[in-house]
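Here, residue 1 is the first one in the sequence, and each next residue gets the next number.
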Amino acid sequence: MDVLAVGAHPDDVEVGAGGLVAKLCQAGRRVAVVDLSAGELASNGTVAERRQEAGRAGEILGLAWRCCLEIPDRGISSDLPYRRRLAAIIRQCRPRLILCPYWSDRHPDHVSACRLVQEAWFDAGLKKMAARQTPFRPNQIWYYFIAAIAEPRFIVDVSECYQTKKTAILAHQTQFGRHPGAAATFLNDGPGSLLATVESRDRYFGSLIGSMYGEGFTTLEPLAVGNPLALLEVPR
């Protein structure tokens, strides 16, 4: 894999990095998604429904593959069994880049997912950790925003594939749709719903780089620039 994107729940990657994922897939890069939980505690939708929706969203984005680690919803932690499970996937697919939720968010599972990724990333490079596998540690982790927002270190222009992102998000109909009997939630109800918030945020990030839509990302460490002249291609 070129990129491994990790989310706490089946729709997290679509919300925070769906544009980038679609852009990479359209460029021929191999992207995989790991959902840490099945989102079984969501107010709407069954596990089976959410699994089908995640599969459909993955097809829309163009993913190489997608899996669920089956960690209990609201039970995500960086305990050793979960670290080993995720570290094994990192070693198997050997991505150049990992995407994961930003370390601060209103949903505790997103924060826990970030910590689990950080620790599994570290463990994946340890020779004596699950020694039967070849150690591997990707060079970078990029953090995407879900409900929270912070100053991004960089913004990716996702204007050309934004409709793909929206379609992938809306594939999670139990979460973002309003159908008879559905509970009103932060995701699907009102002018301040998550879907409206995400589009407003992406329009704002886009405006900062002179584009219609942008997705912001941050890192714990500065990004090293090997070819400074490549930055001249970035429009103002």
Side-chain angles (χ1 to χ4, degrees), residues 3-22 24-25 31-45 47 49-61 63 65-78 82 85-86 89 95 97-118 120-121 141-150 152 156 158 164-177 185-188 193-199 201-202 205 215-218:
V3 179
L4 179 65
V6 181
H9 311 102
D11 49 16
D12 289 345
V13 171
E14 287 87 327
V15 168
L20 173 60
V21 168
L24 291 171
C25 291
V31 182
V33 167
V34 173
D35 303 312
L36 298 178
S37 80
E40 64 270 20
L41 295 183
S43 299
N44 296 305
V47 170
E49 288 172 332
R50 300 206 66 183
R51 195 180 303 273
Q52 290 179 348
E53 292 169 349
R56 175 59 182 148
E59 292 174 358
I60 293 168
L61 292 173
L63 300 180
W65 54 264
R66 185 173 201 156
C67 72
C68 179
L69 285 195
E70 306 290 350
I71 298 175
D73 197 0
R74 290 295 296 119
I76 297 172
S77 73
S78 53
Y82 300 152
R85 205 179 302 179
L86 184 55
I89 290 179
L97 167 68
I98 292 179
L99 303 175
C100 83
Y102 180 57
W103 52 83
S104 177
D105 194 272
R106 69 182 290 274
H107 198 313
D109 275 359
H110 299 161
V111 178
S112 298
C114 177
R115 185 62 181 173
L116 173 56
V117 169
Q118 291 171 334
W121 168 85
I141 301 176
W142 294 356
Y143 300 87
Y144 61 82
F145 305 112
I146 302 178
I149 187 171
V156 178
V158 296
T164 302
K165 170 177 177 163
K166 288 184 65 175
T167 304
I169 291 175
L170 292 174
H172 298 274
Q173 271 294 308
T174 58
Q175 306 307 299
F176 295 95
T185 70
F186 168 65
L187 276 67
N188 65 18
S193 68
L194 180 59
L195 191 59
T197 299
V198 167
E199 184 158 6
R201 179 191 68 204
D202 294 347
F205 281 157
E215 284 181 341
F217 298 88
T218 192

Residue list, side-chain contact (heavy atoms from CB on, under 4.5 Å) with Ser193, at least two apart or on another chain: Leu195, Ala196
Residues which pass side-chain contact (heavy atoms from CB on, under 4.5 Å) with Glu59, listed by chain and number, not counting sequence neighbours: Arg56
Kindly give the heavy-atom pair with the smallest separation between [X] and [Y], and that separation in Å.
X: Gly39; Y: Pro10; result: N-CD, 4.0 Å
X: Phe176; Y: Ile169; result: CD1-O, 3.5 Å
X: Tyr102; Y: Ala150; result: OH-CB, 3.4 Å
X: Gly75; Y: Tyr82; result: O-CE1, 3.7 Å
X: His110; Y: Ala8; result: CD2-CB, 3.9 Å
X: Ala113; Y: Pro101; result: CB-CG, 4.2 Å

In Å and rounded to the nearest 0.5 Å, what is the [atom1] to [atom2] distance from [X] to [Y]?
X: Asp105; Y: Phe145; atom1: CG; atom2: CZ; value: 10.5 Å
X: Leu61; Y: Arg66; atom1: CG; atom2: CZ; value: 7.5 Å
X: Leu4; Y: Leu86; atom1: CG; atom2: CG; value: 7.0 Å
X: Ile149; Y: Phe205; atom1: CD1; atom2: CZ; value: 4.0 Å
X: Ser78; Y: Ile76; atom1: OG; atom2: CD1; value: 11.0 Å
X: Glu14; Y: Ile146; atom1: CD; atom2: CD1; value: 10.5 Å

His9 vs His107 aromatic rings, parallel, tilted or perpendicular, using cut-offs 30° and 60°? tilted
Using 30° and 60° as the class boundaries, would you call the ring planes of Tyr143 and Trp103 parallel, tilted or perpendicular? perpendicular
Short question: side chain of [X], backbone of [Y] - any donor-acceptor pair under 3.5 Å?
X: Asp35; Y: Gly7; value: no
X: Gln175; Y: Leu187; value: no
X: Arg85; Y: Leu69; value: yes

Taking Asp202 first and then Lys165, would you say they form a salt bridge - that is, a charged N and a carboxylate O separated by under 4.0 Å? yes
Salt-bridge present (Glu199, Lys166; N to O < 4.0 Å): yes
Applying salt bridge (charged side-chain N to carboxylate O under 4.0 Å, His left out), can you list everything that pairs with Arg201, at least two apart in sequence or on another chain? none
Contact between [X] and [Y] at the side-chain level, heavy atoms closer than 4.5 Å - yes or no?
X: Leu116; Y: Ile71; answer: yes
X: Asn188; Y: Asn44; answer: yes
X: Ser37; Y: Arg74; answer: no
X: Ser112; Y: Leu36; answer: no
X: Leu20; Y: Tyr144; answer: no

With no hydrogens and no angle check, do the side chains of His172 and Asp11 hold a donor and an acceptor under 3.5 Å apart? no
